[in-house]
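Below is one structure, written out as structure tokens, with a few remarks after it.
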2 protein chains.
Amino acid sequence: MTPPPPDLPQDTRHRLIEAAILTFAEKGYDGAGIREIAQRAQANSALVTYHFGGKEGLYREALHHISDRKASEVASLPPPPEPGSPGAREVALQGMKAYIRAFVTDLMSCPAESEVDAAAMALIGREIQMPHPVSAPVLLEFARPYMERVLALLRVLRPDLDPDAHLRMTLSIQGQILHFRNSLGFIRLLSGDPDFPKDLEVLIQHFTDFSLRGLGVPEAFPQTRP
Amino acid sequence: MTPPPPDLPQDTRHRLIEAAILTFAEKGYDGAGIREIAQRAQANSALVTYHFGGKEGLYREALHHISDRKASEVASLPPPPEPGSPGAREVALQGMKAYIRAFVTDLMSCPAESEVDAAAMALIGREIQMPHPVSAPVLLEFARPYMERVLALLRVLRPDLDPDAHLRMTLSIQGQILHFRNSLGFIRLLSGDPDFPKDLEVLIQHFTDFSLRGLGVPEAFPQTRP
DNA sequence: CAATATTAATCAATCGATTGATTCAGTCAA
DNA sequence: TTGACTGAATCAATCGATTGATTAATATTG
């Protein structure tokens with residue numbers, strides 16, 4: 001039998017952060033205790049103070065850890081076209097479809113793939129709704145690229161609208177998707193379907209169709225109803 | 001000088017519930033203490049156990065109180081048309097517009113009108129995202145009419161779609177609006193506009209336009225772009 | 001009506017449990 | 001030896017819950 005993996009020094013810190021993400025996501029900041037988190041990380045609760053200066057520091061570090069891991073995924077999308085460039089509309093249309101797909105897959109990472117990733121997005125969702133005083137800066141930095149990306153695409157797709165209208169549309173697109181992620185448990189209860197959504201691809205297609213129609217980009221749907 | 005109003009016995013119970021709604025909405029179930037709630041209600045903390053059997057009972061009663069007060073408002077809308085009846089499409093179209101308006105005004109009751117009402121909807125929003133074990137039954141009963149109403153309208157407006165598609169569309173419509181309500185504070189930070197939305201009517205118009213287009217009901221928008 | 005008994009409502013005080021934080025002696029590897 | 005870490009003990013503070021006493025309103029009785 002193999003011996004337990006050598007416990008590298010830096011490793012404890014990382015285990016604490018991952019255990020914190022899981023526990024904070026399940027029980028919220030007030031509901032989660034540092035004893036429970038430490039036990040989950042197979043570490044001593046005194047290390048929370050030692051490494052992070054306290055519970056609040058651990059929370060901040062956990063959110064920062066999530067933000068760092070996810071930032072690269074948004075940036076990896078092809079950049080939105082310049083408003084005046086040739087073929088900008090078609091590029092922006094494809095960009096919007098790619099964005100919606102990326103947004104959904106980012107948010108809907110299921111526990112089967114990575115338990116921590118799933119908990120991380122649940123935690124972000126909870127924080128967006130009711131930010132802990134400590135988390136506001138981290139959260140703004142995290143959400144900004146998602147927001148800016150859609151706004152840039154909208155400036156190409158709907159140049160006739162003013163910035164306020166662009167903001168409303170951005171929030172409508174993201175809102176539908178965030179609602180699916182944040183209220184998934186409740187939706188399953190309400191609809192009576194415990195394994196909703198059965199197919200993520202169908203869901204992505206729905207968000208894409210609904211949003212592009214909602215945006216009023218008719219060339220994406222030459223004919224809605226015969 | 002007039003003496004302080006006589007403190008009717010039943011009144012304390014009601015004051016406790018209202019204080020509970022405010023405090024639970026601000027700090028969550030774990031974050032709010034019965035001492036703070038009692039102090040806010042100018043009552044003794046022992047009365048929480050006396051009247052409601054404990055903190056959990058007070059929470060349950062607070063949610064029930066919200067559910068009871070809001071139930072009548074949904075029911076006051078004109079009933080959705082029968083799928084086969086004459087002029088059903090036009091009636092359903094107007095019904096959908098009325099529903100969206102009612103849903104928005106229900107959710108967006110601002111603190112200026114009634115501090116408790118505003119807190120109540122914030123509390124509901126929080127519970128939908130992460131239901132307390134105690135609240136699931138109350139919450140389902142509360143949300144069911146909202147859900148059923150949209151589904152009934154969709155069966156008329158989009159009879160070509162299956163129930164799963166109807167469910168997705170319902171969640172997209174409600175999701176946008178719930179996201180506005182639940183993340184209002186965050187949106188204000190992110191957009192840099194501290195008094196967003198300036199005009200509720202503009203917002204209602206946006207939700208209506210975006211949703212009806214998204215649903216694919218072309219007669220509502222004979223021409224999206226010239 | 002008056003005297004008494006009963007119940008509901010409220011209070012201050014306190015309970016044990018748990019919280020986050022801290023301390024400290026000891027382990028282990030570099 | 002030094003720095004990273006452990007494990008156990010302990011701290012003050014706060015938590016929800018409970019107690020026993022007190023007041024006010026109501027019912028019962030003579």
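Every chain is numbered from 1 and lettered A, B, ... according to where its sequence line falls, protein lines coming before strand lines.
- Salt bridge annotation for A:R40-A:E26: present, with a cationic side-chain nitrogen under 4.0 angstrom from a carboxylate oxygen.
- Rounded to whole Å, the distance from CG on A:L47 to P on C:dA21 is 14 Å.
- Backbone-only engagement by B:A32 is indicated by non-hydrogen atom pairs under 4.0 Å involving sugar-phosphate atoms exclusively.
- At the phosphate of C:dA8, neither OP1 nor OP2 sits under 4.0 Å from any side-chain N or O atom of B:Y50.
- Closest to the B:K55 side chain, of the nucleotides C:dG20, D:dG16, C:dT10, is D:dG16.
- Across the helix from C:dC1-D:dG30 to C:dA30-D:dT1, the helix axis at one end is tilted relative to the axis at the other end by 20° (nearest 10 degrees, each axis from five pairs).
- Nearer the 5' end of DNA chain C, as judged by each residue's closest nucleotide, is the contact made by A:D30, out of A:D30 and A:A46.
- Cation-pi contact between A:K70 and A:Y146: absent, since separation from the ring centre below 6.0 Å together with deviation from the ring axis within 45° is not met.
- Sorted by first and then second residue, the salt bridge (charged side-chain N to carboxylate O under 4.0 Å, His left out) pairs with a member in residues 167-195 of chain B read B:D193-B:K198; sequence neighbours excluded.
- Side-chain nitrogen and oxygen atoms of A:S45 include none within less than 4.0 Å of the OP1 or OP2 phosphate oxygen of D:dA8.
- For the pair B:R13 CZ and C:dA9 C1', the computed distance is 13 Å after rounding to whole Å.
- B:H14 has its NE2 atom 14 Å from the P atom of C:dT10, to the nearest Å.
- For the pair A:F52 CZ and C:dA21 P, the interatomic distance rounds to 13 Å; values are reported in whole Å.
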field: Candidate pair B:Y99 and B:Q94, rule side chain to side chain donor-acceptor pair (under 3.5 Å), full reasoning
entry: CA-CA 9 Å; B:Y99 172 86; B:Q94 296 306 320; over 6 Å; no
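- Phosphate proximity of D:dA4 to A:H51: absent, as no side-chain N or O sits under 4.0 Å from OP1 or OP2.
- Between the side chain of B:S67 and the backbone N or O of B:L63, no donor-acceptor pair lies under 3.5 Å.
- If you take CD1 of B:I34 and P of C:dA12, they are 14 Å apart, rounded to a whole angstrom.
- Distances were taken from every side-chain heavy atom of B:R35 (C-beta onward) to each of D:dG16, D:dT10, D:dT6; the shortest belongs to D:dG16.
- Within 6.0 Å of the CD atom in A:Q39, the count of heavy atoms belonging to other residues, nucleotides or ligands does not exceed 12.
- Cation-pi check for A:K97 over A:F207 is not met; the charged atom does not lie both under 6.0 angstrom from the ring centroid and within 45 degrees of its normal.
- The side chain of A:N44 contributes no N or O atom lying less than 4.0 Å from OP1 or OP2 of D:dA8.
- C:dG20 atom P lies 8 Å from atom OH of A:Y29, rounded to whole Å.
- Closest approach to the A:T49 side chain among D:dT6, C:dA21, C:dC11 is made by C:dA21 (side chain taken as heavy atoms from C-beta onward).
- Distance, A:I37 CD1 to C:dT18 P: 17 Å, rounded to whole Å.
- Rounding to whole angstrom units, CD of residue A:Q39 and P of C:dT19 are separated by 11 Å.
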